[in-house]
Asker: 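There's a structure below that I have some questions on.
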Amino acid sequence: QVQLVESGGGLVQAGGSLRLSCATSGRTFSSYHMGWFRQAPGKEREFVAAIDWSGGSTYYADSVKGRFTVSRDNAKNTVYLQMNSLKPEDTAVYYCNADFALRRVSTKGGGDYWGQGTQVTVSS
């Protein structure tokens, strides 16, 4: 089992940047594929980005391609989401997700393990 704790959210103006972090517990972090999801008020949770266990493959939703970058540091048991050129429509609670199956963290449903979420608010 793995526990996930997100941080780095906050309030930023449109066009600004934030970097989210997701710190994990346990000694098997490098075995997990990791994903980022978000949920805006009144909307369903949606996939944002994913990264495989090695960091060699990344995946993005069309809405964030070219603006967001997912990365991981297996030595620090942490996955990151660098968000640039933020837009008001990026406002949401962002969740970190982990699973042994890459398909699950890179599609709508998500994998087995979730963090508590961190709020990102982009003002216009």
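Along the sequence shown, residues are numbered consecutively beginning with 1. Side chains are part of it too, since the values below use all heavy atoms of this structure and drop only hydrogens, waters and symmetry mates.
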Asker: Contact between Glu6 and Leu20 at the side-chain level, heavy atoms closer than 4.5 Å - yes or no?
Answerer: no
Asker: Are Val48 and Tyr80 connected in the hydrophobic side-chain network, where two residues link if heavy atoms are under 4.5 Å apart?
Answerer: no
Asker: Determine, for Lys65 against Asp62, whether the closest basic-nitrogen to carboxylate-oxygen distance falls under 4.0 angstrom.
Answerer: yes
Asker: Tell me whether the rings of Phe37 and Phe47 are parallel (<30°), tilted (30 to 60°) or perpendicular (>60°).
Answerer: perpendicular
Asker: Show the numbers, then the answer: is there a side chain to side chain contact (heavy atoms under 4.5 Å, CB included) between Met34 and Val70?
Answerer: CA-CA 9 Å; Met34 303 296 296; Val70 60; over 6 Å; no
Asker: Taking CD in Gln3 as the centre, count heavy atoms belonging to other residues, nucleotides or ligands within less than 6.0 Å. Is the count above 12?
Answerer: no
Asker: Tell me, yes or no, whether the heavy-atom count around Trp114 atom CH2, taken from other residues, nucleotides or ligands under 6.0 Å, exceeds 12.
Answerer: yes
Asker: Step by step, would you call Val2 with Phe29 a side chain to side chain contact (heavy atoms under 4.5 Å, CB included)?
Answerer: CA-CA 8 Å; Val2 62; Phe29 173 72; 5.5 Å; no
Asker: Hey, is the main chain of Gly109 close enough, under 3.5 Å, to the side chain of Asn97 for a donor-acceptor pair?
Answerer: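 Here the side-chain-to-backbone pair does not exist.
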Asker: Kindly give the heavy-atom pair with the smallest separation between Cys96 and Val79, and that separation in Å.
Answerer: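 Heavy atoms only, the tightest pair is SG-CG1, 3.8 Å.
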Asker: Side-chain contact, heavy-atom cut-off 4.5 Å: Tyr113 with Tyr32?
Answerer: yes
Asker: Between Val120 and Arg38, is a side chain to side chain contact (heavy atoms under 4.5 Å, CB included) present by the stated rule, with each step listed?
Answerer: CA-CA 9 Å; Val120 171; Arg38 66 187 182 186; over 6 Å; no
Asker: What's the shortest heavy-atom distance between Gly115 and Tyr95, and which atoms?
Answerer: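 Smallest interatomic distance, heavy atoms only, reads O-CD2, 3.6 Å.
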Asker: Kindly compute the distance separating OG1 (Thr118) from CD (Gln116), expressed to the nearest 0.5 Å.
Answerer: 7.0 Å
Asker: How many angstroms lie between CH2 in Trp53 and CG in Asn74, if you round to the nearest 0.5 Å?
Answerer: 8.0 Å
Asker: List the atom pairs, with distances to 0.1 Å, where a side-chain N or O of residues 7-18 and a protein N or O form a donor-acceptor pair under 3.5 Å, not counting sequence neighbours.
Answerer:
unit_1	atom_1	unit_2	atom_2	d
Ser17	OG	Asn84	OD1	2.9

Asker: Under the side chain to side chain contact (heavy atoms under 4.5 Å, CB included) test against Cys22, which residue among Leu81, Leu4, Val5 passes?
Answerer: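 Of all the options given, the one that passes is Leu4.
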Asker: Would you indicate whether the side-chain heavy atoms of Asp52 and His33 approach each other to under 4.5 Å?
Answerer: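 Yes. Closest side-chain heavy atoms under 4.5 Å.
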Asker: In the structure I gave you, are the side-chain heavy atoms of Ile51 and Trp36 within less than 4.5 Å of one another anywhere?
Answerer: no
Asker: Any chance you could lay out the side chain to side chain contact (heavy atoms under 4.5 Å, CB included) test for Leu86 and Phe68, step after step, and finish with the verdict?
Answerer: CA-CA 9 Å; Leu86 282 161; Phe68 290 11; 3.8 Å; yes
Asker: Compare all side-chain heavy atoms of Val122 with those of Glu89 and state whether any distance is below 4.5 angstrom.
Answerer: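 When only atoms from C-beta onward are counted, Glu89 and Val122 do not touch, as no gap falls below 4.5 Å.
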Asker: To the nearest 0.5 Å, what is the distance between NZ on Lys108 and CD on Glu46?
Answerer: 10.0 Å
Asker: Checking the side chain of Asn77 only, and the main-chain atoms of Ala23 only, is there a donor and an acceptor separated by less than 3.5 Å?
Answerer: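 Not confirmed, Asn77 side chain does not pair with Ala23 backbone.
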Asker: Rounded to the nearest 0.5 Å, what separation is found between the CZ atom of Arg72 and the OG atom of Ser21?
Answerer: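 Separation between the atoms: 13.5 Å.
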